[in-house]
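Order of appearance sets the numbers: ligands from 1, and atoms from 1 within every ligand. The shown structure was predicted, so the numbers you read here are calculated from the model rather than taken from an experiment. Computed from heavy atoms alone, side chains included, the values below leave out hydrogens, waters and symmetry copies. Here, residue 1 is the first one in the sequence, and each next residue gets the next number.
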Amino acid sequence: MPTQQKSLLLLEKQGPFAIQNTDIPEPGPGELLVEIHATALNPVDWKIQVYGIFIQDYPAVLGQDAAGIVKELGEGVASFAVGDKVLHQGYFTNRNATFQQYTTVPAEIVAKIPPNLTLNQASTIPLTLATASCGLYNTKSNSGAGFLAPWEEGGLGKYAGQPILVIGGSSSVGQHVIQVAKLSGFSPIITTASARNEGYLKSLGATHVLDRNAIPLSSLSGAVKDITLEPIKLVYDAISETDTQNTSYDILASGGKIVIVLSPAIDESKRTADKEVVSAAGNVHIPAQRAVGVSLYKNLTALLKAGDIKPNNVELVPNGLKGIPVALEKLRAGVSALKLVARPLETP
Ligand SMILES: NC(=O)c1ccc[n+]([C@@H]2O[C@H](COP(=O)([O-])OP(=O)(O)OC[C@H]3O[C@@H](n4cnc5c(N)ncnc54)[C@H](OP(=O)(O)O)[C@@H]3O)[C@@H](O)[C@H]2O)c1
């Protein structure tokens, strides 16, 4: 094993990125050392650089999604072997982040990759599946809507016949909300997206795809009523801009829950006690989300193997870690039903 690796470092708050040699971290008790073959880019990565949020210590390694190969086992790890292909979420510390060639991670939030997925595909899953799952299934804190996860006993199909509205179904988060909602039995699964993504989203489990370019948010309530007259008691707003949050809240029926992924932006004047607003925190490393994560990762290999959870579409970023800063600008400009994936070992 080498002792040094290449990491992409954000040198200072809102500063530039640079590739530098850093020490390869050692796995602590219960951890794995993973050689990262693929890391997916997320909006939070460019938001950290642009807005200076979430991270205090610089230089900082960013990156939240990894797929790779287990290189070392920390003390007490029995469920993995050196050489296993795995996927996992990264975290906001240099030893756990993924825009580098090696990272450490607690083994309880890692899953083996079944043969039907490539490493590139697997890297598209962790962060956004966590956001979908924690937002819907966390019962422990106010960051989850408290539904029973479909991988728990009695959870599969439990919510049959209950509608869900997913704003932004073709976003990376939205794609996973659709897939887990299908496993939970929610029906119909109504989502908004560009028309070109309709077939893809139906293949993931959406029953109705409303063209967001043809139906303005002011007409969304009517379009949903044309599909079902059941009260909409669950909305997952995977976009969570001010206008989508307010429209979602208006559509939400009394007694319902809306899950949002950005800061609350619902007009205080329209807030009522009978509608619950849940802020999703898609991170299985933190204590409040850990139980959902551990349970999800215990079942994830089987879900992937069965095709119950599918990866996003992959576009490879050229030049390994070196290509990430430019790719983050592309992500900020907007992608559609697509994940940008870098290969850290291919850094020139
Ligand atoms: N709270 C958390 O822990 C957490 C975790 C992950 C992500 N997030 C946040 O969640 C948001 C989504 O992240 P992501 O990675 O899923 O984004 P993404 O994949 O980059 O989102 C791109 C997609 O957004 C869709 N879209 C854009 N505006 C829309 C609108 N007004 N209505 C419906 N669809 C719209 C586009 O759909 P079409 O191309 O079909 O038009 C496109 O497919 C980001 O703001 C991110 O920072 C939060």
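- Under a cut-off of 6.0 angstrom, the local environment of NZ in Lys112 is crowded, with over 12 non-hydrogen atoms contributed by other residues, nucleotides or ligands.
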Under 3.5 Å, which donor-acceptor pairs link side chains of residues 218-233 to any protein atom two or more places apart or in another chain?
unit_1 : atom_1 : unit_2 : atom_2 : d
Ser221 : OG     : Lys225 : NZ     : 3.4
Thr228 : OG1    : Glu230 : N      : 3.0

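- The aromatic rings of Phe92 and Phe54 lie parallel to each other, with less than 30° between the two planes, well short of the 60° mark.
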Measure from every N or O atom of ligand 1 to the protein's N or O atoms and keep only the pairs below 3.5 Å, writing each with atom names and distance to 0.1 Å.
unit_1   : atom_1 : unit_2 : atom_2 : d
ligand 1 : 1 (N)  : Val261 : O      : 2.8
ligand 1 : 1 (N)  : Ala280 : O      : 2.9
ligand 1 : 3 (O)  : Gly282 : N      : 2.8
ligand 1 : 16 (O) : Ser172 : N      : 2.9
ligand 1 : 16 (O) : Val173 : N      : 2.8
ligand 1 : 19 (O) : Ser172 : N      : 2.9
ligand 1 : 19 (O) : Ser172 : OG     : 3.3
ligand 1 : 37 (O) : Ser170 : OG     : 2.8
ligand 1 : 39 (O) : Arg196 : NH2    : 3.4
ligand 1 : 39 (O) : Ser336 : OG     : 2.5
ligand 1 : 40 (O) : Ser170 : OG     : 2.6
ligand 1 : 40 (O) : Ser194 : N      : 2.9
ligand 1 : 40 (O) : Asn197 : ND2    : 2.9
ligand 1 : 41 (O) : Ser194 : OG     : 2.5
ligand 1 : 41 (O) : Arg212 : NE     : 2.7
ligand 1 : 41 (O) : Arg212 : NH2    : 3.0
ligand 1 : 43 (O) : Ser170 : O      : 3.3
ligand 1 : 43 (O) : Ser170 : OG     : 2.7
ligand 1 : 43 (O) : Ala337 : N      : 3.2
ligand 1 : 45 (O) : Lys47  : NZ     : 2.8
ligand 1 : 47 (O) : Lys47  : NZ     : 2.8

Can you give each donor-acceptor pair under 3.5 Å made by side-chain atoms of residues 22-30, sequence neighbours left out, with the distance rounded to 0.1 Å?
unit_1 : atom_1 : unit_2 : atom_2 : d
Thr22  : OG1    : Gln5   : NE2    : 3.4
Thr22  : OG1    : Ser7   : OG     : 2.7
Asp23  : OD1    : Gln4   : NE2    : 2.5

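- A salt bridge links Arg95 with Glu31: the distance from a Lys NZ or Arg NE/NH1/NH2 to an Asp or Glu carboxylate oxygen falls below 4.0 Å.
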When the side chains of residues 194-206 are checked against the rest of the protein, which donor-acceptor pairs come out under 3.5 Å, sequence neighbours left out?
unit_1 : atom_1 : unit_2 : atom_2 : d
Ser194 : OG     : Asn213 : ND2    : 3.0
Arg196 : NE     : Ser336 : OG     : 3.4
Arg196 : NH2    : Ser336 : OG     : 3.1
Asn197 : ND2    : Ser336 : OG     : 3.0
Glu198 : OE2    : Lys202 : NZ     : 2.8
Tyr200 : OH     : Gln175 : OE1    : 2.7
Ser203 : OG     : Tyr200 : O      : 2.5

